[in-house]
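Inspection log for the structure reproduced underneath, given as structure tokens.
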Amino acid sequence: MKFEPLFELERTGVQMKYYTNIPIIYPVHWHSAIELIYILNGNARIMIEGKDYPLTAEEFAVIDSNQMHRFKYLRESMMIVMHFSRSSMKNFVPLLEKYHFHYTKETLEKAQLKPYLKVCDLLRGLPPLYIMQPIDYKIKCHAIAMEVFFELLNHFASQEESVQKTEKSEILNRLEKITDYIEEHHAEQLSLGQIASHFFLSREYFSRFFKKNMGVTFIRYLNQVRLMHIYQDICNTATGIMELGELHGFNNYKLFNKMFHEIYGCAPRDIRRDNNGV
């Protein structure tokens, strides 16, 4: 079962996705939305601002706006991912920009245990609604999401004075242009020298800047993007796996297989077989 968005973030302010029994990896990224990841069963790993956190069944993590993070979970796992639009939530909380969200189980304090259990209980109520889909079930799902946000705001956020972080904003703006360029050109034989030259930077400076802020080398990030596209095409097309590798920039088939297995825990043919129900 592939993920299915229930709500469009721009339209309702809340987006929920369910992931079931498919390996997922998101390379380092960030966004303006506040994100909650809840593991229904199985396990996952999430990296937030360079630090790794394991997640197991009935645990959740909260990631704030513009926090750099990477996410990975393997097969035989199920999870819910929620995104809350800051701009939409400001309609209910005008001073929302003063609140900073960040929670993992390592930060759980005694006073947070009761609201933590309440959030988990609310989240557990979503899958039955999604499966049964009673009339206007999306209204109930949205109501649960808003109640979850209320708990996060009151128990898993801290109020801070708004400080303009000019340097971080500049870094994120530059990284956004770089990652957009990688996404657009990932199928090409894109080298470190080429992308550094495109952004009028030396190879050495670009390499240091990218590794420092993204947590991985440029080449590894590029290959992770390629693998994400290949994975989706394996699931959704009948195109040969070797051909897909070449279409998305992988000319080294041995490296492709090695990285695919490292990231997804299986061979590409296993994904194709499972997806086709063979």
Side-chain angles (χ1 to χ4, degrees), residues 1-26 31-44 46 55-65 69 71-94 96 99 101 103-105 108 112-157 231-232 235-236 271 274-278:
M1 178 179 176
K2 301 181 182 68
F3 70 81
E4 180 180 348
L6 293 185
F7 306 101
E8 291 299 329
L9 189 62
E10 299 80 7
R11 181 166 54 87
T12 66
V14 179
Q15 184 181 69
M16 285 183 275
K17 295 179 181 179
Y18 293 79
Y19 295 83
T20 307
N21 294 331
I22 57 172
I24 295 291
I25 179 169
Y26 282 107
H31 40 68
S32 60
I34 299 155
E35 182 173 349
L36 179 146
I37 298 171
Y38 177 67
I39 306 299
L40 290 161
N41 61 50
N43 58 77
I46 186 167
L55 285 174
T56 57
E58 299 194 3
E59 292 179 350
F60 68 84
V62 181
I63 305 155
D64 202 9
S65 306
H69 58 287
F71 183 76
K72 177 180 180 180
Y73 96 104
L74 300 179
R75 306 166 81 189
E76 310 304 328
S77 298
M78 300 173 64
M79 68 176 181
I80 300 171
V81 177
M82 283 188 179
H83 290 94
F84 299 93
S85 166
R86 269 194 178 267
S87 58
S88 295
M89 294 300 108
K90 283 180 68 176
N91 292 325
F92 306 99
V93 189
L96 186 60
Y99 287 85
F101 294 78
Y103 168 76
T104 63
K105 65 179 181 181
L108 182 66
Q112 293 175 311
L113 181 58
K114 187 174 180 179
Y116 170 84
L117 294 174
K118 182 174 182 179
V119 169
C120 291
D121 189 53
L122 288 166
L123 294 169
R124 281 194 297 269
L126 288 169
L129 286 168
Y130 177 58
I131 293 169
M132 301 301 295
Q133 297 193 6
I135 296 174
D136 294 333
Y137 75 102
K138 290 185 178 181
I139 295 176
K140 180 63 174 178
C141 290
H142 192 80
I144 290 174
M146 294 299 284
E147 191 170 356
V148 166
F149 189 78
F150 174 85
E151 295 296 331
L152 296 182
L153 183 64
N154 282 275
H155 301 288
F156 300 96
Y231 178 88
Q232 291 299 320
C235 292
N236 298 303
I271 300 295
D274 293 348
N275 194 66
N276 292 334
V278 179

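Since we're looking at a predicted model, the values are computed, not measured.
- When all heavy atoms of L40 and A57 are compared, the pair lying nearest together is O-CB, 3.8 Å.
- Expressed to the nearest 0.5 Å, how far CD1 of I37 lies from CD1 of I80 amounts to 12.0 Å.
- In this view, H69 and H29, H31 satisfy the ring-ring contact (aromatic ring centres under 6.0 Å, His included) rule, not counting sequence neighbours.
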task = Give the C-alpha distance, both sets of side-chain angles, the deciding distance and a yes or no for side-chain contact (heavy atoms from CB on, under 4.5 Å) between M16 and Y130.
result = CA-CA 11 Å; M16 285 183 275; Y130 177 58; over 6 Å; no
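- Interatomic distance, Y103 OH to Q112 CD, rounded to the nearest 0.5 Å: 6.5 Å.
- The CG atom of D121 sits 9.5 Å away from the CD atom of E147 when rounded to the nearest 0.5 Å.
- Residues passing the side chain to side chain contact (heavy atoms under 4.5 Å, CB included) test with S32, sequence neighbours excluded: none.
- A 4.5 Å side-chain heavy-atom check between Y99 and M89 finds every atom pair outside the cut-off.
- F149 pairs by the ring-ring contact (aromatic ring centres under 6.0 Å, His included) definition with F84, F101, not counting sequence neighbours.
- Legend: residues meeting salt bridge (Lys or Arg N to Asp or Glu O under 4.0 Å) with E151, ordered by chain and number and at least two apart, are K118.
- In this structure K114 satisfies the salt bridge (Lys or Arg N to Asp or Glu O under 4.0 Å) test with no other residue, sequence neighbours excluded.
- Note that CD of E59 and CG of L108 are 10.0 Å apart. Values are rounded to the nearest 0.5 Å.
- Every side chain to side chain contact (heavy atoms under 4.5 Å, CB included) that P134 has, sequence neighbours left out, goes to L129, M132, Y137.
- For the salt bridge (Lys or Arg N to Asp or Glu O under 4.0 Å) test, no residue two or more places apart in sequence or in another chain qualifies with D136.
- Under the side-chain hydrogen bond (donor to acceptor under 3.5 Å, both in side chains) criterion, Y116 pairs with no residue at all, not counting sequence neighbours.
- Remark: T104 pairs with I48, Y53, A61, H102, E106, T107 by the side chain to side chain contact (heavy atoms under 4.5 Å, CB included) rule, at least two apart or across chains.
- Scored by the salt bridge (Lys or Arg N to Asp or Glu O under 4.0 Å) test, K140 finds no partners at all (sequence neighbours excluded).
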task = Give the intermediate values and the outcome of side-chain contact (heavy atoms from CB on, under 4.5 Å) for residues L126 and Y18.
result = CA-CA 10 Å; L126 288 169; Y18 293 79; 3.1 Å; yes
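- Partners of P128 under the side chain to side chain contact (heavy atoms under 4.5 Å, CB included) rule, at least two apart in sequence or in another chain, do not exist in this structure.
- Residue pairs meeting the salt bridge (charged side-chain N to carboxylate O under 4.0 Å, His left out) criterion with at least one member in residues 84-93, sequence neighbours excluded, are D64-R86, K90-E97.
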request  = Would you please test T56 and I39 for side-chain contact (heavy atoms from CB on, under 4.5 Å) and show each step?
outcome  = CA-CA 6 Å; T56 57; I39 306 299; 6.0 Å; no
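- Taking the six-membered ring wherever Trp is involved, the centroid distance between the rings of F60 and F156 falls below 6.0 Å.
- The distance from the CD1 atom of I271 to the OH atom of Y231 is 4.5 Å, given to the nearest 0.5 Å.
- Separation of atoms CG (L36) and CG (L123) is listed at 6.0 Å; rounding is to 0.5 Å.
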